[in-house]
Amino acid sequence: MPRRPNPSRAAALLVVAVALLVSGCGALKRCAYEGFGRDAWQQHERVVADLALAPGAHVADLGAGGGYFTFRLAHAVGPTGLVYAVDVDPDMVAFLSKQAAEQGQGNVRPVLAAADDPRVPEPVDLVFTSNTYHHLENRVAYFSALRERALAPGGRVAIVEYRPEVTSHATARETVEQEMAAAGFRLEKSFDYLERQHFLVFLSDVANPEEPLR
């Protein structure tokens, strides 16, 4: 028997679509990047907690997109901290600027990056990236330059990246580790509780082991 349309579901989807159109291009792209229902599997509170960010820390959210992690990171570092929301898409940078202003998040600063340069304006304590690693080209050169120019002493790089068994837009853990090692990093920690993603934290391989983590 053919399935009858569900008027309530159709109406709800229509409301969502209209709301997105009214919100503008940035909101549409945000939903395209993040999808619906991400909170059900991302475990964002646990991810941010495991980064153990100190109040006042400076962070670069690389490939910030619609700011899914940006504003959570900003809350973690507090009003004396700073989060650079880095993205190559001008629409998303404009969207993040608007969101930061509307939410009164003065510790969020959107940055329009180039494909080969995050353009982080100062060395930061943490570079965080979620579901962005596979988009980057020449990753060894990219993270090698980032290590030299954008990472403070004792700084870290945290990579949350889709697993290949989940989607084609992914990178195998072994590949991430090999490329980061070639870029001058060593694996500090790994977390295995995310069902769809790797969660890896790296330190500069030339870092002083007595340097406090930032």
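These numbers come from the heavy atoms of this one structure, side chains and all, not from hydrogens, waters or symmetry mates.
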**OP:** Just jot down the salt bridge (charged side-chain N to carboxylate O under 4.0 Å, His left out) partners of R72, sequence neighbours excluded, or say none.
**Re:**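 For R72, the residues satisfying salt bridge (charged side-chain N to carboxylate O under 4.0 Å, His left out) (neighbours in sequence not counted) are D39.
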Original post:
What residues, two or more places apart in sequence or in another chain, satisfy salt bridge (charged side-chain N to carboxylate O under 4.0 Å, His left out) together with R109?
Top reply: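 Once residues adjacent in sequence are excluded, R109 has no partner under the salt bridge (charged side-chain N to carboxylate O under 4.0 Å, His left out) criterion.
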Just by distance, with hydrogens left out, do [X] and [Y] show a side-chain donor and acceptor under 3.5 Å apart?
X: D50; Y: Y193; answer: yes
X: E137; Y: Y142; answer: no
X: N131; Y: Q197; answer: yes

Heavy atoms from other residues, nucleotides or ligands near [atom1] of [X] exceed 12 (cutoff 6.0 Å):
X: H75; atom1: NE2; value: no
X: E195; atom1: CD; value: yes
X: E45; atom1: CD; value: no

Any link between [X] and [Y] through a network of hydrophobic side chains (Ile, Leu, Val, Met, Phe, Trp, Tyr) touching at under 4.5 Å?
X: L62; Y: L194; value: no
X: L187; Y: F191; value: no
X: V160; Y: V77; value: yes
X: V59; Y: F199; value: yes
X: V127; Y: V88; value: no

Any idea which heavy atoms bring [X] and [Y] closest together, and the distance?
X: P118; Y: V86; answer: O-CG1, 3.4 Å
X: A150; Y: V120; answer: CB-CB, 4.2 Å
X: D125; Y: A57; answer: OD2-CA, 3.4 Å
X: T132; Y: T129; answer: CB-OG1, 3.1 Å
X: L96; Y: G65; answer: CD1-O, 3.4 Å
X: G155; Y: L203; answer: O-CD2, 3.5 Å

Is [X] reaching over with its side chain to a backbone N or O of [Y], donor-acceptor style, under 3.5 angstrom?
X: S97; Y: F95; value: no
X: R173; Y: H198; value: no
X: N107; Y: G78; value: yes
X: R196; Y: Y162; value: no
X: D205; Y: R186; value: no
X: R156; Y: L51; value: yes

**OP:** Might you work through the side-chain contact (heavy atoms from CB on, under 4.5 Å) test for V157 and L146, ending with a clear yes or no?
**Re:** CA-CA 10 Å; V157 175; L146 183 149; 4.2 Å; yes
When rounded to the nearest 0.5 angstrom, what distance separates [atom1] in [X] from [atom2] in [Y]?
X: L73; Y: H44; atom1: CG; atom2: NE2; value: 11.5 Å
X: E161; Y: T171; atom1: CD; atom2: OG1; value: 3.5 Å
X: S204; Y: E148; atom1: OG; atom2: CD; value: 9.0 Å
X: L53; Y: H58; atom1: CG; atom2: NE2; value: 11.5 Å
X: S190; Y: E177; atom1: OG; atom2: CD; value: 7.0 Å

Original post:
Residues two or more places apart in sequence or in another chain: which of them pass side-chain contact (heavy atoms from CB on, under 4.5 Å) with A114?
Top reply: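 Testing A114 for side-chain contact (heavy atoms from CB on, under 4.5 Å), a comparison that skips the adjacent residues, returns D116, D117, R119.
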Subject >> Selection residues 52-71 - residue pairs positive for salt bridge (Lys or Arg N to Asp or Glu O under 4.0 Å), sequence neighbours left out >> reply: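 For residues 52-71, and leaving out neighbouring residues, there are no salt bridge (Lys or Arg N to Asp or Glu O under 4.0 Å) pairs at all.
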Side chain to side chain, [X] and [Y], heavy atoms closer than 4.5 Å:
X: I159; Y: M180; result: yes
X: V93; Y: V111; result: no
X: L82; Y: E122; result: yes
X: F202; Y: E188; result: no

Original post:
What orientation do H134 and H169 show, parallel under 30°, tilted 30 to 60°, or perpendicular over 60°?
Top reply: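 Tilted, since the angle between the ring planes falls between 30° and 60°.
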Original post:
Who pairs with F128 by ring-ring contact (aromatic ring centres under 6.0 Å, His included), at least two apart in sequence or on another chain?
Top reply: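 F128: ring-ring contact (aromatic ring centres under 6.0 Å, His included) contacts with F69.
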**OP:** For F143, check ring-ring contact (aromatic ring centres under 6.0 Å, His included) against everything at least two apart and list the hits.
**Re:**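 Y133.
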Subject >> Full working for side-chain contact (heavy atoms from CB on, under 4.5 Å) between L112 and D87 >> reply: CA-CA 5 Å; L112 181 61; D87 207 280; over 6 Å; no
Original post:
Is there a side-chain contact (heavy atoms from CB on, under 4.5 Å) between F185 and V201 once you walk through the steps?
Top reply: CA-CA 10 Å; F185 290 88; V201 181; over 6 Å; no
**OP:** Could you check V176 against L200 for side-chain contact (heavy atoms from CB on, under 4.5 Å), going step by step and ending with a plain yes or no?
**Re:** CA-CA 9 Å; V176 177; L200 309 173; 3.8 Å; yes
